[in-house]
*Asks:* 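Would you mind keeping the following structure in view while I ask a few things?
A quick note: this is a predicted structure, and the numbers were derived from the prediction, not measured. A, B, ... follow the sequence lines: proteins, then strands. Residue 1 opens every chain.
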Protein chains: 2
Amino acid sequence: MTVTLDQLQAFVATAESGSFSAAGRVLRKAQSAISTQVSNLEDDLGIELFSRQGRNPVLTPAGERLLAEARVVLDRREHLIGVAASFTAHVEHRLVVAVDELYPEKPLAALFADFAAHFPHVELELLFPMMEDVSRLVLDGKADIGVMWRQEILPAEIGFHTLGWVPLQLVCGKNHPLANGAIDFEELKRHRQLMVAVRSEGPEKQRLRTAAEVWWVESHWVILQLVRQGIGWALVPDHIIENSPVREDLVIPPLRFDGADWPVALEMVWHKQRPSGPAARWLRERFAAMRISGLPG
Amino acid sequence: MTVTLDQLQAFVATAESGSFSAAGRVLRKAQSAISTQVSNLEDDLGIELFSRQGRNPVLTPAGERLLAEARVVLDRREHLIGVAASFTAHVEHRLVVAVDELYPEKPLAALFADFAAHFPHVELELLFPMMEDVSRLVLDGKADIGVMWRQEILPAEIGFHTLGWVPLQLVCGKNHPLANGAIDFEELKRHRQLMVAVRSEGPEKQRLRTAAEVWWVESHWVILQLVRQGIGWALVPDHIIENSPVREDLVIPPLRFDGADWPVALEMVWHKQRPSGPAARWLRERFAAMRISGLPG
DNA sequence: AGTCATCTATCAGAAAATCAGATGGTATCT
DNA sequence: AGATACCATCTGATTTTCTGATAGATGACT
């Protein structure tokens, strides 16, 4: 004989319920069936799993250890069945999500943890594209769902939904001229501004442009590195400043003018024509239901 | 019916051998048995694993994915059986090894990789004790095997075996007075020496003492940090210097006297009276068979 | 101490699953 | 076209597993 899943099941049920009889009741089998199955398992493994001194069987040290192993084997069977079920339910086996770094990581991590619990069998690929355009990735089928900042013109094939607005902070290095005292709007124009090198052209690209001289940098993270060196000032979302390794060298100077949180709209995008499975739909709904840390949408 | 290990085995064998017939030959069963078992598995999972268009069955995408899962389940069964076998063979379930940092990590890692392959079911705990004495850990039963540098007096209950000698290098900071030019033995005595704070007293503790003024530090790694600051000079094994994060700031000055590699003997120790299982014996033999990077023992 | 409920191991027969071998049909190669 | 190797399916035989019964043992309770 060879070790059988039924044997392992009888073993685990016995360990969990505390007696062969109870295990029989749980598994809807006769007590004798459980008893012999566990006994056979012990013969196959060549080791005693339960000590049968008293009225109830009690795990031996070996039984204790092997119980954990048995649970693993049974879990893997359940997992296999789950994978098969997700195939028949036409759940995606793989889902690619492209998220702009503007989206705060903390709720993102919570969301994906939740996703993993709901769809344990779906392989998730997360992209944080730098220079590529999120909407282009979605358009080309390289990503199933995208989260990006607003682009005025989106192709008609792309569906979208506004998630909310992320407020930006004005930040500069602590040795930068702007770091001392409150800032005038006109003053801003005289210093170099660092902006993310947005990919597609359009009016949105220019909306935040304030200074005469602008450098284009591929990521907010890199921008902070440059800001720290005193190369210029920038508009960067809160959460990126918070989590920056160089945040001690950064200054958020007070402003002498209003309406100065420069909100940026975050959009969720997908391809209208590509059919989306249950996992993609679930993720879209959850994205839409979440509120961004800033103003609600 | 529920998914059975036999079914999975038939499935995997079919996928590996390319046909039901071949799988039957491999598993020493009739072709019909394999065929029906795979068919039953497909019914249970509710999905087609093989496409049966041509002469031979060929995996569907779902089959491809589930094949990996099936292999995992079968592997876990083998693992369980292996754990049980190691119980009956009275293999230790846990082995604690205390290694002095003098022992080079590279061969150590290779050795333990090998160990993991031979004894996959043994939990290994590795200690790199700082201030505690390795022989004391072994004596107290907190470690099964120890590798330490030679202590003249070892308790009688401790068995030991000399593994080899580790040569030490004289090292100092690049701004230290000794860093310029070849070094005289008398010169050494005038500068502060940093030594590892060895735990037990004994003549071995004093053997390497050269300077008048000595600081005792708990680890060679920390010693290098201090040496880098120019606090003193030290004798440190090669591999620790190599792997130090501060090695650019260190200098190994030339010496104007001979016999200056200060070899330190490494011993393997164990408790004679405590019975050792197969894993401990294997590890002892392999330790003994290895040559230290320096002179052979 | 005696009673009772509940547990375990084991047995025999019934029920179920699995297997081998035979058969017919089909794809592939020569 | 013929030969070969393969697959699906059927049937009866074999093996395994299950149930239900029985006897002995343990622990709780009076």
*Asks:* Go through B/Arg52 and B/Glu42 one step at a time and tell me if the salt bridge (charged side-chain N to carboxylate O under 4.0 Å, His left out) criterion holds.
*Replies:* CA-CA 13 Å; B/Arg52 290 152 170 89; B/Glu42 287 175 320; 2.9 Å; yes
*Asks:* How close or far is atom P of C/dT8 from atom CD of A/Glu42, stated in whole angstroms?
*Replies:* 12 Å
*Asks:* Protein within reach of the bases, or only the backbone? For nucleotides 6-24 of chain D, mark each nucleotide 5' to 3' as B, S or -, using heavy atoms under 4.0 Å.
*Replies:* SBBB--------SBB----
*Asks:* How close do B/Thr88 and B/Ala85 get, heavy atom to heavy atom, and via which atoms?
*Replies:* OG1-O, 2.8 Å
*Asks:* Should B/His93 and B/Phe87 be marked as a ring-ring contact (aromatic ring centres under 6.0 Å, His included) after you check the CA-CA gap, both sets of side-chain angles, and the distance that decides it?
*Replies:* CA-CA 8 Å; B/His93 317 127; B/Phe87 260 97; 4.1 Å; yes
*Asks:* Would B/Glu285 and B/Arg281 pass as an ion pair if we require N to O under 4.0 Å?
*Replies:* no
*Asks:* Please tell me whether A/Ser135 and A/Asp133 have a donor and an acceptor in their side chains that are separated by less than 3.5 angstrom.
*Replies:* yes
